Amino acid sequence: MDGYRSGFACFVGRPNAGKSTLTNALVGSKVAITSSKPQTTRHTIRGIVHREDGQLVLVDTPGLHRPRTLLGQRLNDLVRETWSEVDVVGFCVPADQKVGPGDKFIAAELEKVAKRTPVLGIVTKTDLVSQQQVMEQLLALQKIMEFAEIIPVSAVDGFQVDTLSDLLLKKLPEGPQLFPDGDLTDEPEQTLVAELIREAALEGVRDELPHSIAVVVEEMAPREGRNDLIDIHAFVFVERSSQKAIILGHRGERLKLVGMEARKQIERLLGSRVYLNLHIKIAKDWQRDPKQLRRLGF
């Protein structure tokens, strides 16, 4: 098709800058898990935006941060590897937090790729602040590096989400469709299911726990003789027995709630009824152990 554009874009920023919520808003469906907890995203999830004039493949990356563990280092490497391979980068800064040293650190890193890859400055979460604060944040963002474009958006109320889609698409090269119509992500279903379980487990836990939670789907298949029910067996990994107690809750009540919430989201994703069997396992200090990191998919 004449003038049809296709390519890859990625969102980068500090943890909890609204990257996953923005990815979901642009795709129009939930492909990346979201949480108020930092370091929620651990994989580069790809969401696919289908338009008449092009196809935009969004890569949602973990937040770039000062790493304290081997897992943290690997997540940072993943971010840098991703933005060196895409056609356009969106640098997300939330409207409700001051531009700080973390943002300046990321901007300095992005300067290295900006010579060959356009970088857009994106002020996210504009629904949380006044117009005056949005203007101040745009000016503050402008000072830390030279952007190809700067735009304020809100994934929650849809403010300028379509405009951002237009700007990203314009930066892509002309080329053919990369994924079939209807595909919203190229992530395997088991990965998405594991992420939805982790999202449910993250809600309501103490701040130090999110980094320690990993989820592995051991088995996922339709129940024998039934085409309306999928059996899923998964393990929630933590690093210490005290963390296991937090996830389990009093008499297993908390794990039961995690299972109920995750099952609702998984049924929506798979379009089928689901039987979800969750078990908690302790993998001592897995974030610092290369062998265990590999086993858990990092």
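Computed from a prediction, not measured in an experiment: that's the story for all the values here. These numbers come from the heavy atoms of this one structure, side chains and all, not from hydrogens, waters or symmetry mates.
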Original post:
Which residues satisfy the side-chain hydrogen bond (donor to acceptor under 3.5 Å, both in side chains) test with R223, sequence neighbours excluded?
Top reply: D231

Original post:
By side-chain hydrogen bond (donor to acceptor under 3.5 Å, both in side chains), which residues pair with E224, not counting sequence neighbours?
Top reply: none

Original post:
For the hydrophobic clusters of this structure (ILVMFWY residues joined by side-chain heavy atoms under 4.5 Å, transitively), does one cluster hold both M135 and V129?
Top reply: yes

**OP:** Look at the side-chain heavy atoms of Ile, Leu, Val, Met, Phe, Trp and Tyr, link any pair under 4.5 Å apart, and say whether L257 and L255 land in one connected group.
**Re:** no

Original post:
Charged N to carboxylate O under 4.0 angstrom, K264 versus E261?
Top reply: yes

**OP:** Tell me, please, which residues at least two apart from L167 pass side-chain contact (heavy atoms from CB on, under 4.5 Å).
**Re:** L120, E149, I151

Original post:
At their closest point, which heavy atom of A9 faces which heavy atom of L168, and how far apart are they?
Top reply: CB-CD2, 4.3 Å

**OP:** Report yes if the side chains of I122 and V153 come closer than 4.5 Å at any heavy-atom pair, otherwise no.
**Re:** yes

Original post:
Does NZ or CZ of K19 come closer than 6.0 Å to the centre of the six-membered ring of F11, within 45° of the ring's axis?
Top reply: no

Contacts table for residues 156-164: side-chain donor-acceptor under 3.5 angstrom, sequence neighbours left out:
from, atom 1, to, atom 2, distance (Å)
D157, OD1, S154, OG, 3.0
D157, OD1, F159, N, 3.0
Q160, NE2, P152, O, 2.9

**OP:** Sequence neighbours left out, what passes side-chain hydrogen bond (donor to acceptor under 3.5 Å, both in side chains) with R226? Give chain and number order.
**Re:** D228

Under 3.5 Å donor-acceptor pairs involving side-chain atoms of residues 87-102, not counting sequence neighbours:
from, atom 1, to, atom 2, distance (Å)
D87, OD2, F8, N, 2.7
Q97, OE1, R14, NH1, 3.2

Original post:
Is it the case that one hydrophobic cluster holds both I282 and I213, taking links as side-chain heavy atoms less than 4.5 Å apart, direct or via other members?
Top reply: yes

